[in-house]
Chemist: 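Dropping a structure here in C-alpha cells format, bear with me for questions.
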Number of protein chains: 2
Amino acid sequence: MTPSEWSMLMDMPPFEKMGREAVRALIRDRPSQSIARGAQIFHQGDPAETFFVIFDGRVKYYRQREDGEEVVVGIARECESFAEMAMFIGGRYPVSAQAVTDGRLIRVDGCALRHAIEQRPELAFDLMAAAAAQLHYLFDQIEQLKRRPTLQRIADFLLELNREQTGGGEIALPYGKALIANHLGMTPESFSRGLSKLRGLGVTVERDRVRIEDTERLENYVND
Amino acid sequence: MTPSEWSMLMDMPPFEKMGREAVRALIRDRPSQSIARGAQIFHQGDPAETFFVIFDGRVKYYRQREDGEEVVVGIARECESFAEMAMFIGGRYPVSAQAVTDGRLIRVDGCALRHAIEQRPELAFDLMAAAAAQLHYLFDQIEQLKRRPTLQRIADFLLELNREQTGGGEIALPYGKALIANHLGMTPESFSRGLSKLRGLGVTVERDRVRIEDTERLENYVND
DNA sequence: CGATCGTTTGATTACGTTCAATCGTTGTGG
DNA sequence: CCACAACGATTGAACGTAATCAAACGATCG
C-alpha cells in the first residue's frame with residue numbers, strides 16, 4: 001500500500017475518524033491489490049465478508065439475470081467504497097461486482113469493522129451516511145428511469161460527468177459506451193443515436209471525447 | 001399508544017433489543033398519532049429530525065418534480081419503519097411522504113436514537129440491516145424498470161401481493177390503481193390494459209379484488 | 001338526480017428496441 | 001508489413017410497446 005493510498009484512505013469516512021493505528025489494525029494483513037479490467041470481484045449471492053475501497057479504476061455492480069443478461073445498477077470510482085452494507089443483511093452480496101478498468105483496491109474485513117464500531121459507535125454514523133447517500137442516488141435513478149426519456153438521461157449523464165471532471169465542457173467518457181448505455185437503462189444503439197441527436201444542441205463526439213459547446217444550453221434543455 | 005401498538009413496536013428491530021424502558025425513554029412525550037388519507041407527513045427537503053414507525057395504514061414516498069408530477073419510489077405498510085436513514089445525510093429528507101390510507105404511526109426522535117446507539121452500538125447494526133434491505137429492494141426495482149415489460153411487472157406485483165396476503169390467489173389491492181401504476185412505473189391506462197391482458201392467464205379483476213386462478217402458471221409466465 | 005372522481009376503453013402517435021448490415025480501430029499471424 | 005479476424009460503435013429499416021389524447025363508463029357522494 002503506497003503512501004498516497006494511505007492518505008486517500010485516511011481522508012475517507014469512516015477511516016479518518018479512526019486514527020492511523022486503528023485503521024492499520026483493521027486492514028492488517030491485507031495489502032491493496034491490483035485488479036485487471038474484467039476481473040470479477042464478487043458474485044451476487046457470495047457470502048459478504050468484506051467491503052471494498054477503490055484507490056484507482058472503476059467497478060461496476062450489476063445484477064445477473066437468469067437469461068444471462070446483466071443489469072448495471074451502479075458504477076463506483078476511485079476514492080469510493082462499495083458493498084459496505086452487504087455485510088449487514090443475510091451476509092450475501094445482493095449484486096455482482098466486476099472491474100471495468102484496470103485498478104487498485106483494498107478489501108476491508110467486515111468483522112473487524114463491526115468490532116471497531118462496537119468500540120467507537122460514532123463510526124456507525126459514517127456508514128449510515130454512506131448508506132443514505134446510496135439510497136438517495138438510487139431514488140434519483142428510479143425517478144430518471146421512470147419519467148425521463150433517453151435523450152434527457154444521456155444529457156444528464158454528460159453534464160454530471162462534466163461536473164466531476166474539468167467542468168469546462170471537455171469530457172472523457174470513463175468507460176465503454178455499451179456499459180454507459182446499460183447504466184442508463186438503454187441499448188447501445190439508443191445511446192449512440194442519442195449522442196447524435198445531441199449534436200443539435202452543441203455536443204460533439206469523437207471517439208471517447210465529448211465536447212459540450214454551451215453547458216447552459218444543455219442544462220436548460222434537460223430542465224425544460 | 002395502545003398495548004397492541006406497544007407490542008408491535010417491541011417486536012421490531014431495533015426496538016426489541018433495547019428493552020421497554022429504553023424505548024419508553026426514546027419516544028417519551030410523543031404519542032402515536034392518527035393520520036388521514038392524503039395527509040402530508042413530510043416534504044422532500046424538510047429537515048429530517050425524526051423517522052417513523054407505521055402501526056396501521058400505508059404511506060407512499062415519492063419525489064416531486066419541478067413540473068409538479070410525482071414519482072413514487074416506495075410504499076411502506078404497517079409494521080414497517082421508514083426514513084430511518086434520512087437523518088444521517090445532510091439532515092434532509094430526500095423524498096416526500098404522504099399517507100395513502102387512514103392509519104396510525106409514531107415519530108421517533110433522531111437525536112434520541114443517536115444517543116441510544118452511542119450507548120449501545122449493536123443497535124446500529126439493526127439500522128444498517130434495514131438500510132441494506134432497502135438498498136436491496138431498490139436494486140430490484142431498478143432491474144425491473146430497466147429490463148421488464150409492463151405485463152411482467154404487473155404480474156410480479158400481483159404475485160408479491162398474493163404472497164403477502166392469503167397466498168390463496170385471492171388478492172385485495174391495497175390502494176388505488178393509479179398509485180399502483182405510478183409505483184410500477186407506468187400510466188394508469190397501461191396498468192388497466194395490462195390487467196386485461198392477464199385475463200388470458202387466469203387473472204380476473206373486479207373492482208379492487210383480484211383473483212389468480214393458477215398461481216403456478218402466472219409464476220412461470222413471469223420467469224419465462 | 002347530477003357532479004365528481006377513478007377506471008376503462010379506443011385511436012393515434014412516438015419512442016425505443018430489435019435485427020441486420022456497415023464501418024473503423026485494434027490486434028494477430030502469416 | 002499487410003491481410004484478416006475480432007470487437008466496439010454506428011447506421012438503417014421495421015416492429016412493438018407504452019404514452020398520449022380523448023371519450024365513455026361506473027361508483028360514490030352530496
Side-chain angles (χ1 to χ4, degrees), chain A residues 36-38 60 65 67-72 100-102 143-158 171-200 203-210 221 224, chain B residues 36-38 58 60 65 67-72 100-102 144-158 171-200 203-210 221 224:
Chain A
R37 175 166 187 269
K60 71 174 174 184
R65 311 188 66 223
D67 57 22
E69 201 183 2
E70 296 178 359
V71 181
V72 174
V100 296
T101 65
D102 294 343
E143 181 187 335
Q144 294 226 0
L145 287 170
K146 279 185 174 176
R147 315 298 320 180
R148 295 228 149 164
T150 57
L151 246 195
Q152 304 204 6
R153 296 212 297 280
I154 295 172
D156 269 334
F157 177 76
L158 293 179
I171 305 168
L173 300 180
Y175 29 76
K177 291 177 182 174
L179 176 58
I180 297 175
N182 189 334
H183 184 208
L184 297 179
M186 63 189 72
T187 60
E189 294 95 323
S190 290
F191 180 63
S192 179
R193 287 186 233 275
L195 283 180
S196 297
K197 278 190 194 162
L198 287 180
R199 261 195 287 262
V203 177
T204 57
V205 183
E206 191 171 335
R207 204 117 192 75
D208 66 337
R209 320 293 304 185
V210 177
Y221 165 76
D224 72 270
Chain B
R37 175 167 187 269
R58 307 264 180 167
K60 70 173 175 186
R65 311 188 65 224
D67 57 22
E69 200 181 6
E70 296 178 358
V71 181
V72 173
V100 296
T101 66
D102 294 344
Q144 294 226 0
L145 287 170
K146 278 185 174 176
R147 316 298 319 182
R148 296 227 147 163
T150 57
L151 245 196
Q152 304 205 8
R153 295 211 298 279
I154 294 171
D156 269 334
F157 177 77
L158 293 180
I171 304 168
L173 300 181
Y175 28 75
K177 292 177 182 174
L179 176 58
I180 297 175
N182 189 335
H183 184 207
L184 296 178
M186 63 189 73
T187 61
E189 293 96 321
S190 290
F191 180 62
S192 179
R193 286 187 234 274
L195 283 180
S196 297
K197 280 190 193 163
L198 287 179
R199 262 196 288 264
V203 177
T204 56
V205 183
E206 190 171 337
R207 205 119 190 74
D208 65 337
R209 321 294 302 183
V210 177
Y221 164 75
D224 71 269

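What you see is a predicted model; the values in this text were computed from it and never measured. Throughout, a chain's letter reflects where its sequence line sits, starting with A, and its residues are numbered from 1.
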Chemist: Just N and O in the side chain of B:S196: are any of them under 4.0 Å from OP1 or OP2 of C:dT9?
Modeler: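 So the side chain of B:S196 is within the cut-off, an N or O lying under 4.0 Å from OP1 or OP2 of C:dT9.
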Chemist: Nearest whole angstrom, please: distance from the P of C:dT9 to the CZ of B:R199.
Modeler: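 Result: 6 Å.
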Chemist: Starting at atom CD of B:E206, determine the distance to atom P of C:dT8, rounded to an integer number of angstrom.
Modeler: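 Rounded to the whole Å, the gap is 12 Å.
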Chemist: Report yes if at least one side-chain N or O of B:S190 is closer than 4.0 Å to OP1 or OP2 of D:dA18; otherwise report no.
Modeler: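 So the side-chain polar atoms of B:S190 never come under 4.0 Å of the phosphate oxygens OP1 or OP2 of D:dA18.
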Chemist: Nearest-Å distance, CG (B:L145) to P (D:dA18)?
Modeler: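 Atom-to-atom, B:L145 to D:dA18, this comes out as 12 Å.
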Chemist: With respect to the phosphate group of D:dA9, does any side-chain polar atom (N or O) of A:S192 fall under 4.0 Å of OP1 or OP2?
Modeler: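 Answer no for this pair, as no side-chain N or O of A:S192 is under 4.0 Å from OP1 or OP2.
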Chemist: Check the orientation of A:F157 and A:H183. Use parallel for under 30°, tilted for 30 to 60°, and perpendicular for over 60°.
Modeler: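 Rings of A:F157 and A:H183: perpendicular, as their planes differ by over 60°.
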Chemist: Nearest-Å distance, CZ (A:R193) to C1' (C:dC15)?
Modeler: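 Rounding to the nearest Å, CZ of A:R193 and C1' of C:dC15 are 11 Å apart.
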Chemist: Is any side-chain N or O of B:T187 closer than 4.0 Å to OP1 or OP2 of D:dA18?
Modeler: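 It does not, given that no N or O in the side chain of B:T187 lies less than 4.0 Å from OP1 or OP2 of D:dA18.
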Chemist: One pair to check against side chain to side chain contact (heavy atoms under 4.5 Å, CB included): A:M186 and A:I154. What are the steps and the verdict?
Modeler: CA-CA 10 Å; A:M186 63 189 72; A:I154 295 172; 3.9 Å; yes
Chemist: Closest approach to the side chain of A:K177, judged atom by atom: which nucleotide of D:dT11, C:dA11, D:dA9 is it?
Modeler: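 Selected nucleotide: D:dA9.
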Chemist: Between C:dC15 atom P and A:I154 atom CD1, what is the distance in whole Å?
Modeler: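 The distance from CD1 of A:I154 to P of C:dC15 comes to 13 Å, rounded to the nearest Å.
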Chemist: More 5' along DNA chain D: B:P149 or A:G176, using each one's nearest nucleotide?
Modeler: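 Checking each residue's closest nucleotide, the 5'-ward one belongs to A:G176.
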Chemist: Polar pairs (N or O, both sides) under 3.5 Å between protein and nucleotides 22-30 of chain D?
Modeler:
residue	atom	partner	partner atom	Å
D:dA27	O3'	B:R207	NH2	3.0

Chemist: In whole Å, what is the span from the CZ atom of A:R153 to the C1' atom of C:dC15?
Modeler: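 That distance rounds to 11 Å.
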Chemist: Start with the C-alpha gap between B:L184 and B:D156, add the side-chain angles, then the distance that decides, and say whether side chain to side chain contact (heavy atoms under 4.5 Å, CB included) holds.
Modeler: CA-CA 10 Å; B:L184 296 178; B:D156 269 334; over 6 Å; no
Chemist: Please state how far atom CD1 in A:I180 lies from atom P in D:dT10, giving the value in whole angstrom units.
Modeler: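 Rounding to the nearest Å, CD1 of A:I180 and P of D:dT10 are 10 Å apart.
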Chemist: Report the distance from atom OH of A:Y175 to atom P of D:dG8, rounded to the nearest whole Å.
Modeler: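 Taking OH of A:Y175 and P of D:dG8, I get 17 Å after rounding.
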Chemist: Does any N or O in the side chain of B:D208 come within less than 3.5 Å of the main-chain N or O of B:A172, such that one atom is a donor and the other an acceptor?
Modeler: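 No; zero donor-acceptor contacts below 3.5 Å.
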Chemist: State which residue, out of A:Q144, A:E143, A:R148, fulfils the side-chain contact (heavy atoms from CB on, under 4.5 Å) condition with B:V71.
Modeler: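 Exactly one pass, corresponding to A:E143.
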Chemist: Ignoring hydrogens and geometry, is there a side-chain-to-backbone donor-acceptor pair from B:K177 to B:R207 under 3.5 Å?
Modeler: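 Checking the backbone N and O of B:R207 against the side chain of B:K177, a donor-acceptor pair under 3.5 Å is found.
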Chemist: Classify the side-chain pair B:E70/B:N182 by whether it contains a donor and acceptor separated by less than 3.5 Å.
Modeler: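 Judged by distance alone, the side chains do not pair up.
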